[in-house]
Participant: 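Just passing along the structure, written as structure tokens.
Here the structure is a predicted model, which means the values were calculated and not measured.
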Amino acid sequence: MACRQCEVVCSETFYKEYDPDLSCIRIGEKNGAVKTTVCVQCGKCAKSCEQEAITKNAKGVFTIDKKKCVGCGKCAEVCPFGVLVMRKGAEHPSKCIACGKCAKSCPVDAIAVVEK
């Protein structure tokens, strides 16, 4: 239904403000249908990280170690889905960590976090 509540929750969780460009989930339209784009845990970000700051956890989710991250933004550049966010002026990028807040906020239960 494209209410964008998931974008609101995601950007507010990471950045304490609503800005769809800061959300790690994207809601758009393609051929007249609503299209949701989120991190599919492909690992391209991890492969691009020279600091080895992005690793896969036991649940199969890639996470960013902010202590190792130097904020170069290469991971955001290689994300094929545009859902790894590097906010101007931020020290570190952010990406979906499968926290489930978007799913909990969805009024029609259209989102689910599925473990691989």
Side-chain angles (χ1 to χ4, degrees):
M1 71 187 242
C3 70
R4 299 188 117 82
Q5 183 59 31
C6 54
E7 288 180 332
V8 171
V9 169
C10 185
S11 69
E12 286 180 350
T13 297
F14 281 111
Y15 295 105
K16 309 299 182 229
E17 66 179 281
Y18 173 56
D19 181 340
D21 292 333
L22 299 178
S23 175
C24 296
I25 186 170
R26 304 276 192 240
I27 305 298
E29 216 178 286
K30 188 173 184 176
N31 300 327
V34 174
K35 180 173 175 21
T36 304
T37 307
V38 68
C39 180
V40 297
Q41 310 303 329
C42 70
K44 288 185 180 183
C45 57
K47 290 176 186 164
S48 75
C49 183
E50 296 172 8
Q51 308 302 314
E52 298 181 353
I54 304 175
T55 56
K56 188 188 279 191
N57 68 19
K59 292 185 177 185
V61 177
F62 285 91
T63 59
I64 302 169
D65 183 337
K66 292 180 180 177
K67 291 178 182 172
K68 289 183 177 180
C69 177
V70 296
C72 69
K74 288 181 184 176
C75 54
E77 291 172 14
V78 302
C79 178
F81 305 102
V83 293
L84 204 150
V85 180
M86 186 67 188
R87 180 182 182 175
K88 250 187 183 174
E91 290 181 49
H92 311 286
S94 56
K95 65 172 293 304
C96 178
I97 57 170
C99 68
K101 289 183 180 181
C102 59
K104 289 176 187 165
S105 74
C106 183
V108 293
D109 295 324
I111 302 170
V113 176
V114 180
E115 289 185 34
K116 287 186 176 184

Participant: Mark yes or no for whether Ser11, through its side chain, and Pro20, through its backbone, hold a donor-acceptor pair below 3.5 Å.
Facilitator: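 Checked: no pair found.
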Participant: Would a 4.5 Å heavy-atom cut-off, applied to side chains only, mark Arg26 and Phe81 as touching?
Facilitator: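 A side-chain contact under 4.5 Å is absent here.
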Participant: Looking only at heavy atoms, which two atoms of Gly100 and Val113 are closest? And how far apart?
Facilitator: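 Shortest heavy-atom separation between Gly100 and Val113 comes out as CA-CG2, 3.6 Å.
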Participant: Mind jotting down which residue pairs meet the side-chain hydrogen bond (donor to acceptor under 3.5 Å, both in side chains) criterion with at least one end in residues 63-87? Sequence neighbours excluded, please.
Facilitator: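 Counting only pairs at least two positions apart or across chains, the side-chain hydrogen bond (donor to acceptor under 3.5 Å, both in side chains) contacts touching residues 63-87 are Glu17-Arg87, Glu50-Lys74.
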Participant: Any donor and acceptor pair, going by atom type alone, linking the side chain of Gln41 with main-chain N or O of Val61 inside 3.5 Å?
Facilitator: no
Participant: Do Pro93 and Cys69 come close enough that some side-chain heavy atom pair is under 4.5 Å?
Facilitator: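 Of all side-chain heavy-atom pairs linking Cys69 with Pro93, at least one is under 4.5 Å.
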Participant: Does any part of the side chain of Ile111, heavy atoms only, come nearer than 4.5 Å to the side chain of Ile25, both counted from C-beta?
Facilitator: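 Side chain of Ile25 against side chain of Ile111, heavy atoms only: contact under 4.5 Å found.
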Participant: Output the distance between atom OG1 (Thr36) and atom CD (Glu7), rounded to the nearest 0.5 Å.
Facilitator: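 Between Thr36 OG1 and Glu7 CD, I get 8.5 Å after rounding to 0.5 Å.
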Participant: How long is the span from the CD1 atom in Ile97 to the NZ atom in Lys59, to the nearest 0.5 Å?
Facilitator: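 Between Ile97 CD1 and Lys59 NZ, I get 10.5 Å after rounding to 0.5 Å.
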Participant: Membership question, hydrophobic clusters at under 4.5 Å side-chain separation (ILVMFWY): are Phe14 and Val85 in the same one?
Facilitator: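 Yes, same cluster.
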Participant: Could you measure the distance from the CZ atom of Phe62 to the SG atom of Cys45? Nearest 0.5 Å is fine.
Facilitator: 6.0 Å
Participant: With a 4.5 Å limit on heavy-atom distance, are the side chains of Cys75 and Ile54 in contact?
Facilitator: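 Heavy-atom side-chain distance check passes, below 4.5 Å.
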Participant: Rounded to the nearest 0.5 Å, what separation is found between the CD atom of Gln51 and the SG atom of Cys72?
Facilitator: 7.0 Å
Participant: Set out, in order, the CA-CA distance, both residues' side-chain angles and the distance that settles side-chain contact (heavy atoms from CB on, under 4.5 Å) for Ser94 and Cys24, then state yes or no.
Facilitator: CA-CA 7 Å; Ser94 56; Cys24 296; 3.9 Å; yes
Participant: Evaluate the side-chain proximity of Val83 to Cys96: yes if any heavy-atom separation is below 4.5 Å, no if none is.
Facilitator: no
Participant: Quick one: pull up CD1 in Ile27 and OG1 in Thr37 and give me the separation to the nearest 0.5 Å.
Facilitator: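 Between Ile27 CD1 and Thr37 OG1, I get 7.5 Å after rounding to 0.5 Å.
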